[in-house]
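So you know, we letter chains A, B, ... as the sequences are listed, proteins then strands, and number each from 1.
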Protein chains: 2
Amino acid sequence: MKKRVTSFDVAERAGVSRSIVSAVINGTKGIGVSEEKRRIVLEAIKDLNYQVDANARGMRTGRSRCLAAYDNFESKFFLPILQGLKNVCTKEGYYILLYDSGDAEKDREGLVEMYLQRRIDGIITKDSTSFVDSDWAHEIHSRGVPYISVEGYPENNQVPSILMDYAGSIVMALDYLQERGTPPPLYIEMYTGPAYSPNWGDRQRRTSYENWMSIRGHKPQVVSVQDDSWEQCGARWVEWLRAQTLPITLLTNWSRGSINIYKAAYQLGLRVGKDLFVMAADNTEQVNEHLIPSLTAVEVPYEKMGELAAERMLEYIEGSRKLSDTSSITVSPKLMHREST
Amino acid sequence: MKKRVTSFDVAERAGVSRSIVSAVINGTKGIGVSEEKRRIVLEAIKDLNYQVDANARGMRTGRSRCLAAYDNFESKFFLPILQGLKNVCTKEGYYILLYDSGDAEKDREGLVEMYLQRRIDGIITKDSTSFVDSDWAHEIHSRGVPYISVEGYPENNQVPSILMDYAGSIVMALDYLQERGTPPPLYIEMYTGPAYSPNWGDRQRRTSYENWMSIRGHKPQVVSVQDDSWEQCGARWVEWLRAQTLPITLLTNWSRGSINIYKAAYQLGLRVGKDLFVMAADNTEQVNEHLIPSLTAVEVPYEKMGELAAERMLEYIEGSRKLSDTSSITVSPKLMHREST
DNA sequence: CTGTTAGCGCATTCAG
DNA sequence: CTGAATGCGCTAACAG
């Protein structure tokens, strides 16, 4: 078994007291360390290949320099968010501990458990757009956990969240389409489950569409469709598309909707980008750019949101922002012009 | 500041000694704990909402019950691998600490640093198929780090790795195509960089194709193409495809190749799955199933590979396998039958 | 600036 | 089974 190099060893080697070593490492202010000593210590550290023991430090300080990131691993959005978190964590010397949501009920529990056991400094969760859970907010609150929800708790400031401007994204899309000179678009709105129950983001989008159209004297045309498998609903999409007068412009809330339109067009021998124009208001499947022709969309900037989440988190942790400040941050979507429009 | 509940508190509440509490929690054998006491302790733990302090424990035991997972966050394969790691880690009470590769040089260094600082129990990296780095292997070795590479170090047992049977995947694909009754396929081989330099997996695939064809008395037909952007090379793909006699079957080493064929077919007004049959030998972009028509492929079972990596890792950590056993594991690909064939 | 000391919470050992 | 003692490596506090 290899012996660990400790700060004691470093101190000995450098011929200084251990407090100095600690002060040098942590840049502790209030302890002046002469340049001379500083250099010697640093050298000793390098010579001995010393690494602080994060456990021991954490035990003393009560902090771990670790954030917990929580989402479902099957979500395509997790990775870009992690990317964003990483961008700032790396810079600030924090690490990311993963936690997977699978069973939403049980998992929040496990998450808190992990938080407590590992003295994690803060929790960031990716929640669905309409997610609001007061119990969870209270749990977090009562334990004083620095916490940020990405996309959860919209219009609800129990919890600070990083939100996307869904209403704005539709305006952006419509302005763009208008500029391209395509016909005024129909809005294709998909929803999950048997009953029509759009989540917060989808409600934002829909009303935004309706407003935009009305203001310009166009009649809003919304088609709401249940999100079934293509086997289930393909025939109806084809039927529906066949009945439309071309050229037509279709704006879908989810990219899944656009994909269905692509499929229907494929069956009918129609050319997307020519016979009909298609645009998505998100990138649910993360495949927009790979479709043929590639799919124009306003996309959610998950990486950016991850960065903002991490930055805000560090403010909480380092104390430059009070936990009681639960204000949210709203980001703008990215307009991705591609071949389908 | 909230006071932490310690094992001391639990012991007090349960009216037993702290050693017993510890024994109950860790199931320490060699310390008989009566059912009675056991129950009382467990109850006290629940009552007080006690959570062990992983830091303190780690300090004592030298282990953290954390694994480091390393890959580039931009890789589409990272998530399924994490998924696999998680499946077994969760079950065994391990957590996953992320480490991102960006700058391959500098990052291995940072990875070791993290390993040392946080007393991580083992490192799992996702490497490229042809990755071999003896220096890194030595570093790992000399520090006695439990380590597994996913897809790295093929044909090299400096390091245990989880590999995919690339040769077998081509046989699987060709057998499948034959059974479908499509014409004997051409093999489209893409490669990165200016010069032709296939990596290990691609060499495996190519010879496997050539063998399979030869054995059956077909002339192997390999087309090697540089992996350029569609803007760069699109015209040539279209030209090439136009010159072929239909129907034709095309097997591509990467799904990117298949996508290029789709694009060319789209421009020529050809129907994939009818005028020509296309199959990919992987799922590089993770979009096979979303293409229209969906793309048949033999895919790398990354989730499974993550699971195997984690399982093997735990054997190293828990001591049921010697570190010196650097044998590798090879998994079979998944054949995904879809619409393009 | 230095040197010393006191814990942080746990697992382990050893004598009862 | 108990109770006490030890040390993991670090930081913060304090007296010099």
**Q** Parallel, tilted or perpendicular, judged at 30° and 60°: which one describes the rings of A:Phe73 and A:Phe78?
**A** tilted
**Q** Scan nucleotides 6-11 of chain C nucleotide by nucleotide, 5' to 3', and note B when protein non-hydrogen atoms come under 4.0 Å of the base, S if they reach only the sugar-phosphate, - if neither.
**A** BBBBBB
**Q** Using whole Å, what does the distance between atom P of nucleotide C:dG3 and atom CD of A:Glu12 come to?
**A** 12 Å
**Q** Evaluate whether atom CD of B:Glu109 has more than 12 neighbouring non-hydrogen atoms of other residues, nucleotides or ligands under 6.0 angstrom away.
**A** no
**Q** Using atom CZ of A:Arg63 as one end and atom C1' of D:dA12 as the other, report the distance to the nearest whole Å.
**A** 14 Å
**Q** Round to a whole Å and report the spacing from CG of A:Leu48 to P of D:dG9.
**A** 14 Å
**Q** Dump the intermediate steps for ring pair (Phe, Tyr, Trp, His ring centres under 6.0 Å) on B:Phe131 and B:Trp136, then the final yes or no.
**A** CA-CA 11 Å; B:Phe131 180 79; B:Trp136 171 245; 8.2 Å; no
**Q** Would you state whether a donor and an acceptor, one from the side chain of A:Ser19 and one from the base of D:dT11, lie under 3.5 Å apart?
**A** no
**Q** Within the 4.5 Å heavy-atom criterion, are B:Val24 and B:Leu42 side-chain neighbours or not?
**A** yes
**Q** How many whole angstroms separate atom CD1 of A:Ile20 from atom C1' of D:dC10?
**A** 15 Å
**Q** Look at A:Arg39 together with A:Glu35 and state whether they make a salt bridge at an N to O cut-off of under 4.0 Å.
**A** no
**Q** Decide yes or no for B:Val132 and B:Gln158: does some side-chain heavy atom of the first lie under 4.5 Å from some side-chain heavy atom of the second?
**A** yes
